[in-house]
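Take a look at the structure below.
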Amino acid sequence: MDYLDTLNEAQRTAVTAPPGPVLVLAGPGSGKTRVLTHRIVYLIRELNVSPWHILAVTFTNKAAKEMRQRVEEMMDGRLRGLTMGTFHSVCARILRRETDNLTWYDRDFVIFDTADQQQVVKQALKDLNLDDKKFPPRKMLNGISNAKNELITPDLYQATNYIATVTQRVYEQYQKVLHNNNAMDFDDLLMNVVLLFDERPDILAKYQQQFQHILVDEFQDTNTAQYAMIKRLAAAHNNILVVGDSDQSIYKWRGADYRNINRFRKHYPGAQQILLEQNYRSTQLILDASKAVIQHNPNRVHKDLFTERQGGDPIVLREAYNDWEEADTVVSMIQSLLLDGYAPNDFAVMYRTNAQSRALEEAFVRANMPYRLVGATQFYKRREVKDLIAYLRLVHNPLDSVSYGRIVNVPTRGIGAKSKEKLQQWAVSQGLSPAEAHIMLAIDPDVQHPFNGRAFNALSRFGALLDAWTTLRETASVGELMDAILEQTGYRDYINDGTEEGEDRWANVMELRSVAAEDTAVTLSEFLEQVALVAEADNVDAAVNASTLLTLHAAKGLEFPVVFITGLEDGILPHSRSFDDIESMAEERRLFYVGMTRAKDRLYLSHAFRRAVWGEPEVMVPSRFLNDIPAHLLDGVGTQKRREQTKSRASSWSWSGSQTTSRTTPSRRSAPQRTARKANAVPTTRRAMPEPNYQKSDFEPPRPETAVPHYKTGQKVRHVKFGDGIVIESKPTGNDAEVTVAFSDVGLKRLAASFAKLEIIDN
DNA sequence: GGATCTCATGTTTTT
DNA sequence: CATGAGATCC
């Protein structure tokens, strides 16, 4: 078999494993995608399995698409009926097919995203007369989502304290609101499939019969609901192959549990286990450094990654003065590497939080370098895009009161709060959804209603539009429907107000329009589903010749010749929210590990001396993870030395230029590089830019930190008069620092550091 | 009824 | 600092 020749022994063992449960533990870059694609080909060719009987679940839609392409190439295009996609999209497809068997939903159900969910929670709180200040929707949603991921329905919810009791009630009401809207949230897609399978053995049997061979990628990031689903599906034939790496589990906060790997072992004691340790991506040096970092996690299965790419360039570790300088250093490094023959799309710049992309973007723009941004202000979350989608959803599903609420009066059409409320009441009394009520007003001349002339006109006019679009939907394509909506609502004039931002917003609308135009045959239902389930990483288009800016999370599964990981500071990369929990800290470490192992040839690590985490810049401590990289793998000096260098550079900036350069009137950004036509390929929201001829002196002049001792949160200090206390907060103010101390005797005091002469007695 | 302003509030990661 | 809610003004 020629296609098996290209595999190493472990890979071949996995690919040709006899049917049955198989667990593949695959280190980064060990060719797990190859294993999956070859396995599918093997099943079809060698074992005569029909593609119809295969289900392959991937982490992103993009991964699914690529995998399908590869398989098709290897098979010369002979695979109809193969099911491949993310858990969410596979579940959506199943539920769509089974709507007749669902209690609460009909065929046109829509998928609500996070923003919609927020609205639903608010509605639920209102229905229950609960104060959304006391019970923040975000928190409520969290509790609900966690429950759903654990397959806990409202009536199974065990409330052990007051807040949980409230959560349960909100959860119950939340589900009711969703049902009324004919809508599911992301978690429902998973949970409802499992519930359906449990309720209807006949339906489960049907899918067991179809999916006789199941393959799951990124198994370490499955949650309870996902695992429950595949376990049920596999129960009849036991042909299940999962690929995962617990060291790359980074979605615990979303309910993922890498312990599913252990559960799998327990549940299938006879499972064949294969370890993929040969890495085909990175240099040995990068692997050694990554291994040194991940080794510090407790309770892991040891893997001995190796590669034939011996040696490699040392990892470069640098400290920058602040986030600005860090970004500039990254960009100029890229520029010099470009001269060495690298292409712009060979580079990726990674960071922990989306907010960090800003300084980087600006540096790229200043340098006139092409870049593309993954995530951040996502295309599908933009106001104008959401508006248009809300219109489409409402036409598709008139029960969707969330979408209705979003656009009843956008653009404004004389339907204010009073009218809205009155209509709401009237709709309820008529047993109609708000949208249906509008339509009723428009088409039934004899209808009894409580509205005065002006309000009636506005309300029924909107109803007439809805009615017309609903009719149009039957015959027109999605694109044509969009055109009609945009035209008849005057949306263009509303959004395109002559400002640059307005222009951008309109461009985004047209972008969405062109997505619909790509496939004229797509139904409204399909289009909406597609749009609801796009993943961050789906928009990483390798064909674009630009450097990639992305979060460490979004980097999973990708690889780049040169990787920069920025913001390696305590509080950022281990994120401050993970300090007090061992498991979260371990996950932060895995996140760093995932980032490092994306690099093929070169890895650059950086941290900043000062960074504005929120408002005022603070002095940062280099990430604790950096200490775990052996010095001989690094091109860089020790922590102390780095900081001294930063300080000496910093002091040279303070005298290098005048302080008069104005930063108060940001100029408009020069023509942005449209590196791609794709959705969020290039940030479209303009941001205030610094003077283009900026110079080093524009950096905030560093403060003479020397005189004032630096206090850290949590330090025990002694004051001559107030006695002993603990530092609550310390923030720089001009040449000084303002320290907030909780004294055991006199309580909270705010002190000027230079004045108070606090004695540090313990860290 | 609608637009604009101010104030407060809260910030990880995303299907 | 960015978004959202509430108040105020038109």
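Throughout, protein chains are lettered first and strands after them, A, B, ... in sequence-line order, and every chain is numbered starting at 1. Here the structure is a predicted model, which means the values were calculated and not measured.
Within the cation-pi definition used here (under 6.0 Å to the ring centroid, within 45° of the axis), A:R254 qualifies as a partner of A:Y251. Judged by the 6.0 Å and 45° rule, A:K556 forms a cation-pi pair with A:F59.
Here the P atom of nucleotide B:dA3 and the OH atom of A:Y494 are 8 Å apart, to the nearest Å. If you measure from atom CG of A:N61 to atom P of B:dT14, you get 15 Å, rounded to the nearest angstrom. The distance between atom OH of A:Y351 and atom P of B:dT11, rounded to the nearest whole Å, is 20 Å. When the C1' atom of B:dT13 is taken as reference, atom CG of A:N142 falls 12 Å away, rounded to whole Å. When the C1' atom of B:dT15 is taken as reference, atom CZ of A:F59 falls 8 Å away, rounded to whole Å. Taking atom CZ of A:R454 as the reference point, atom P of B:dG2 lies 8 Å away to the nearest angstrom. If you take CD of A:Q118 and P of B:dT9, they are 17 Å apart, rounded to a whole angstrom. With rounding to whole Å, A:R611 atom CZ is found 16 Å from B:dT12 atom P.
Side-chain proximity of A:T86 to B:dT13, B:dG1, B:dT15: nearest is B:dT15. The side chain of A:R577 lies closest to B:dT12 when the candidates are B:dT12, B:dG1, B:dT14. Counting only heavy atoms from C-beta on, A:R358 has its side chain closest to C:dC1 among B:dT13, B:dT15, C:dC1.
Remark: A:T412 is in phosphate contact with B:dA3, judged by side-chain N or O atoms under 4.0 Å from OP1 or OP2. Side-chain N/O atoms of A:S419 include one lying less than 4.0 angstrom from OP1 or OP2 on B:dG1. Contact annotation: A:R254 side-chain N/O to B:dT12 OP1/OP2 distance is not under 4.0 Å. In terms of phosphate contacts, A:N354 brings no side-chain nitrogen or oxygen within less than 4.0 Å of OP1 or OP2 of B:dT12. Side-chain nitrogen and oxygen atoms of A:T551 include at least one within less than 4.0 Å of the OP1 or OP2 phosphate oxygen of B:dT14. Residue A:K122 has a polar side-chain atom (N or O) positioned under 4.0 Å from OP1 or OP2 of C:dA5.
No aromatic stack links A:Y251 and the base of B:dT13, using centre distance under 5.5 Å and interplanar angle under 30°. B:dT12 has A:H575 stacked on its base ring, the centres lying under 5.5 angstrom apart and the planes within 30 degrees of parallel.
Here, B:dT13 and C:dG4 have their P atoms 16 Å apart, quoted to the whole Å.
In summary, A:D116 and A:R393 engage in a salt bridge, as defined by a charged side-chain N under 4.0 Å from a carboxylate O. Taking a cutoff of 4.0 Å between a charged side-chain nitrogen and a carboxylate oxygen, A:E583 and A:R590 qualify as a salt bridge.
Within 4.0 Å (heavy atoms only), A:N409 reaches sugar-phosphate atoms of the nucleic acid but no base atom. Within the nucleic acid shown, A:I415 comes within 4.0 Å of sugar-phosphate atoms alone, with no base atom in reach, counting heavy atoms only.
Aromatic pair A:F112/A:F186: centroids not less than 6.0 angstrom apart.
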Check the pair A:Y105, A:N182 against side-chain hydrogen bond (donor to acceptor under 3.5 Å, both in side chains), reporting the backbone distance first and the verdict last. CA-CA 6 Å; A:Y105 295 98; A:N182 197 19; over 6 Å; no
